[in-house]
Structure formats: C-alpha cells, structure tokens
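Some notes on the structure that comes next.
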Amino acid sequence: MFERGRNLFNIEKNSEFAIRVLVLSIPTAVVFVMLVLLELISPMSAIISYASVIIFNVLLLFPITFEMQQIKRYITKLSTGEDVNGKAMTLSEKDAKEIVSAINAMHSFWAHKTDILEAQTISDTAVLDTLPDPIMMIDRAGNILGANLSARTFLGKNITDKNIDRVFDSNSFMEAVSRVLKKESASENLIFYVKKPVDQKLYAHIKQLPWLSKGRAVAVISLYDLTKAIKIEKMQSDFVANASHELRTPLSIISGFIETLQTSAKDDEAARESFLKIMAEQAEYMSALIENLLSLSRIEMEQDQKPEGEADVVKLAEEVQQALSLKAEAREIGIKVKNDEDIPMINADERQIKQIIQNLTDNAIKYGVSKSDVTIKISTAESIPPSKSYKVRSGPAVAIAINNKGPKITPENLARLTERFYRMQEHKDLNIKGTGLGLSIAKQIILRHRGNLTVTSNSYNGTTFTIYLPQEI
Ligand SMILES: Nc1ncnc2c1ncn2[C@@H]1O[C@H](COP(=O)(O)OP(=O)(O)OP(=O)(O)O)[C@@H](O)[C@H]1O
Ligand SMILES: [Mg+2]
C-alpha cells in the first residue's frame, strides 16, 4: 500500500529535489535582489518573501517528485520479475496515474506473450521428443544447447553442454558442421560412420537456423540411423538368394533327369520309373516352395492390417486333425485334440489360424517319433508371455499347445527354428522333406494377431510349440 505519511522522507538521498527547488526559485531570487537594489522593498521583507516562495515550490514539487519515484521503483520491480500489485498504488497526479496504467497494460501484454511462448516451448519440446530420430541444436562454438529424447537416449543424457566434437568421432561430420557454423554453406547432408557408442552408419542433415543471434542456437543437426535400413536390405537380398537357390536345386535335378532320359537311359524302363518318381517328388517340392513363398509375401502384405472376423480354435484344430489324419497314420501317429471348457471365440483371421495349427501339427507328425501321439491342447491363458517385439499384446489369450514326442532340440537349433529356410541338419540327413518356411509363416501370422509363439523341448516330454493368441486384438 502506498502510505504517503510513512514515505514522506523516502525520497532518495541522491535525488536532485533540493537542486530542482533552488533552480526553480532563481528567477524569483533575481527579482527580489533587483527590488532590494532599487530600494523598493527592504532586505528583510525580500528574504521573508523569498523563503515563502521556496516553501511554496517545495509544496508544489514534492508530490510530483515523490510519485515519480514511486513509479520508478514500481517499474524496477516489474523488470526484475517481482510480484507487484500496481493497482494498489494511490496516486494523486492524473499524469502519474495514466503512466502507471499504461505500464500495467504493457506488463500484462508481455506477461500474456510470455505465457504463450512458454506453452509453445513446452509443446515444441514434447513434439520433438516424439520424433524417432535424434535432433540437436548447437551454438556458434559447436556446443549442444538442446537435444530431443531420441538424441539423449542415443548419445547419453548429459550431451547438452558438451561440444559436438566430443560426441562424434568423425572428421567428415565435423568438417560439415564447421562449414555450416562458418556460414560457408546453409546446409550439409552426409553419410558417415561412428564407432561410439556403437558401430553405426549415420545420415546427417545439418542446417543453419534462420534466426541467428549471438550466443544462441545457430544450427540444427538431425541424424538418421542407416544401420537398420542396411540390415533390412541385406535380409531381403539374402531371402531372394535363398529362394532362388532352393528353386534352382530341384530344377537342376529335374533337367538332369530329363537329359538322361533323352540320352543314356532312353530305353531303360526301370531307370525311367525311378527317375520319374524322383522328378515328381522334386516338382512337388518346387510347388510347395512356391506356395509357401507366395503365402509369405501375402502375409507380409497384410502384416499391418488388423485381422477381421472371429475364429473357433477348437473347431479349427479338429479340422486340422481330420486333414492330417492320413499323413499321421502313415507314421502310426495318433492326433489328439484336448480342450478346456468354454474356450472363447477369438478375434482373428480364421484361414490364417488354421494355417498355423496345420503347419505346427504337420511338423509334429514329420519330426515326432513314429508310433506316438501328437497332442493339440487348447486352453485359456491369463496373459501372453512377454516378447521383444512391441507388437505382442499382454492380456487374456487362447493358448494352443502342439506336442510331439522326440529327442530334445538343442538350444542353438531352438533359437533359429523360425528363421526363413532354416532346417535342422539331422532332419535334412534323414531326408525328411520340407521348405524351411512353415515356422516363419506361422511366426508372421502370430505377430499379425499380436500373439506370441514359445517352444520348449526336452527328451522326456518331447517338443511343444505353444501359440498364444489374444482374445481381443
Ligand atoms: N516339432 C518339431 N520337432 C523337431 N524339429 C522341428 C519341429 N518343428 C520344426 N522342426 C525343425 O525346424 C525346421 C523348420 O521347420 P519349418 O516348419 O519352418 O520348415 P519345414 O518343416 O522344414 O518345411 P515346411 O514347413 O515347409 O514343410 C524343420 O526343418 C525342423 O528341422
Ligand atoms: Mg514345417
């Protein structure tokens, strides 16, 4: 509160108040001296009159000077961000009141602007943090002023305030940064390699910021990790190489036999019979391979589409049991379907779920010991076992466990079973036919359904593949 009485003596000591009063009284003093010199008034009455003029000036100037100082103190407080209440000030002068209300309007305007800017900065930071690629801002000396979440995760929490040359051990990258900082170029793009924190191939885009100002961010660096893209490219080219190799082998066997049948074995009845049998087997393998390759590419195309429809897993298992019964009988294997009561319908693509149950049951018949049982057990599970894949859901699921008796699969083999074209050597040696794609197809379908596949294997219980499918996707 403004308290005139208490602040009466608050006028600052260094104020020029007294000087101002004296200066203002000089013309009056000159007039009084002249009047005394012309003997129009006595010196005593001149002194008394002059003193009253000074008192009058003090009374006139005091309120203005006092209020000006109040305003000065008020502005100083505002400029230092102190919490003030200007409206509580009681000013007597009209002009002073107008000045204070103008200052208050200006203050509220800037306070509002600051709030908007602060909100914008917070939302800009949140947006930058959601970007998957690292982004950093640097000053003219190359010090990192800010980094988004991805950059902090990739390069360490404490990268801000470090110089960029301490973070990246690449000369070509540092030269590009320096060209932008020296304004020799507005932006630079380059591919470079780093050894720290891990061996990586990175793409960098370095760009001058338009609002250059001394001591502030002058350039922005965005990075893109090319290592992942290279890995995917390699996987794709490996896949094409593997697929062509797998197709070339039966094709060359078939063409070899055709040539033999046309030449040396032309009239050999017995050889023709056995060659035709091998050729039919190879043709069958080729068609299974092509079928699986088409199936895989179809599944990959649908990978990000949510499965439509509902599936009755028990009904599907019984259909598979029926379809594979002849194949199982040939190895004297019985297929048993066991299920808990009240297995719920699941949100799934029925055709694809039947395909995975069929692929796994087919494996159990092929690789299980003959004269034993293959069991398909369907139950409900409270949750899906966790996986490294972000796609896998948690929550209630239906579990389909397919078991066959047989020797324990080694951990090295277990880890590779779902790789495309991977087949265990012992099964190749036993001449058990297969393309090596059945499990990778199953894995893709299960992932599309946000489910998980687990395998356990020991010499006592044999091998169990368990498919977990969420009840709701
Ligand atoms: N139940 C199982 N017991 C033992 N080994 C298995 C079992 N299931 C799969 N394997 C091994 O995993 C490999 C890959 O299986 P996958 O189903 O992907 O291919 P495949 O059966 O060889 O070919 P396809 O499924 O096209 O007929 C098999 O070749 C086999 O070595
Ligand atoms: Mg298989």
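What you see is a predicted model, and the numbers here were worked out from it, not measured in a lab. Positions are given from 1 along the sequence. When a ligand or atom number is given, it counts from 1 through the structure's own listing order.
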Side chains of [X] and [Y]: does their closest heavy-atom pair fall under 4.5 Å?
X: Asp238; Y: Lys234; value: yes
X: Thr418; Y: Leu453; value: yes
X: Thr435; Y: Glu246; value: no
X: Glu310; Y: Glu350; value: no
X: Pro470; Y: Ile346; value: no

Within the structure, does [X] bring an N/O atom to less than 3.5 angstrom of an N/O atom in ligand 1?
X: Asn404; answer: yes
X: Gly434; answer: no
X: Ala364; answer: no
X: Ile409; answer: no
X: Ser440; answer: no
X: Thr463; answer: no

- Have a look at ligand 1 and work out which part of Thr435, if any, has a heavy atom under 4.0 Å from it: side chain, backbone, both or neither. both
- Message: Just to be sure I read this right, does ligand 1 sit under 4.0 Å from the backbone of His427, its side chain, both, or neither, counting only heavy atoms?
- Response: side chain
Closest approach of [X] to [Y] (non-hydrogen atoms, all atoms of both residues):
X: Ile384; Y: Ala397; answer: CG1-CB, 3.5 Å
X: Gly368; Y: Ile333; answer: O-CD1, 4.5 Å
X: Ile164; Y: Val177; answer: CG2-CG1, 4.3 Å
X: Leu417; Y: Phe465; answer: CD1-CZ, 3.8 Å
X: Asn359; Y: Ala442; answer: ND2-N, 4.4 Å

What atoms of ligand 1 come closer than 4.0 angstrom to any heavy atom of [X]?
X: Leu437; answer: 18 (O), 19 (O), 26 (O)
X: Phe465; answer: 1 (N), 2 (C), 7 (C), 8 (N)
X: Asn292; answer: 26 (O)
X: Lys366; answer: 20 (P), 21 (O), 23 (O), 24 (P), 27 (O)
X: Tyr422; answer: 13 (C), 14 (C)

Measure the distance from [atom] to every protein heavy atom, then report the residue, atom name and distance (to 0.1 Å) of the closest one.
atom: atom 22 (O) of ligand 1; answer: Arg423 NE, 2.6 Å
atom: atom 12 (O) of ligand 1; answer: Leu417 CD2, 3.2 Å
atom: atom 21 (O) of ligand 1; answer: Tyr367 OH, 2.8 Å
atom: atom 18 (O) of ligand 1; answer: Leu439 N, 2.7 Å
atom: atom 9 (C) of ligand 1; answer: Asn363 ND2, 3.5 Å

- So, are Asp304 and Lys391 salt-bridged, with charged N and O less than 4.0 Å apart? yes
- Taking the non-hydrogen atoms of Gly436, is any one of them nearer than 4.0 angstrom to ligand 1? yes
- Message: Tell me whether Glu426 reaches ligand 1 (any heavy atom closer than 4.0 angstrom to a ligand atom).
- Response: no
- Item | Donor-acceptor pair between Gln425 and Asp429 side chains, under 3.5 angstrom | yes
- Message: Do Gln352 and Glu302 pair up side chain to side chain, a donor and an acceptor below 3.5 Å, judged on atom types alone?
- Response: yes
- Task: Would you confirm whether the ring centroid of Tyr203 sits within less than 6.0 angstrom of the ring centroid of Phe192?
- Result: no
- Message: Checking Glu175 against Ser178 for the side-chain hydrogen bond (donor to acceptor under 3.5 Å, both in side chains) test, could you report, in this order, the C-alpha distance in whole Å, the side-chain angles of both residues, the deciding distance, and whether it holds?
- Response: CA-CA 5 Å; Glu175 279 161 16; Ser178 126; over 6 Å; no
- Message: Around atom OH of Tyr422, are there more than 12 heavy atoms from other residues, nucleotides or ligands closer than 6.0 Å?
- Response: yes
- Task: For the Mg ion (ligand 2), report each protein N, O or S atom nearer than 2.8 Å, sorted by chain and then by residue number.
- Result: Asn363 OD1
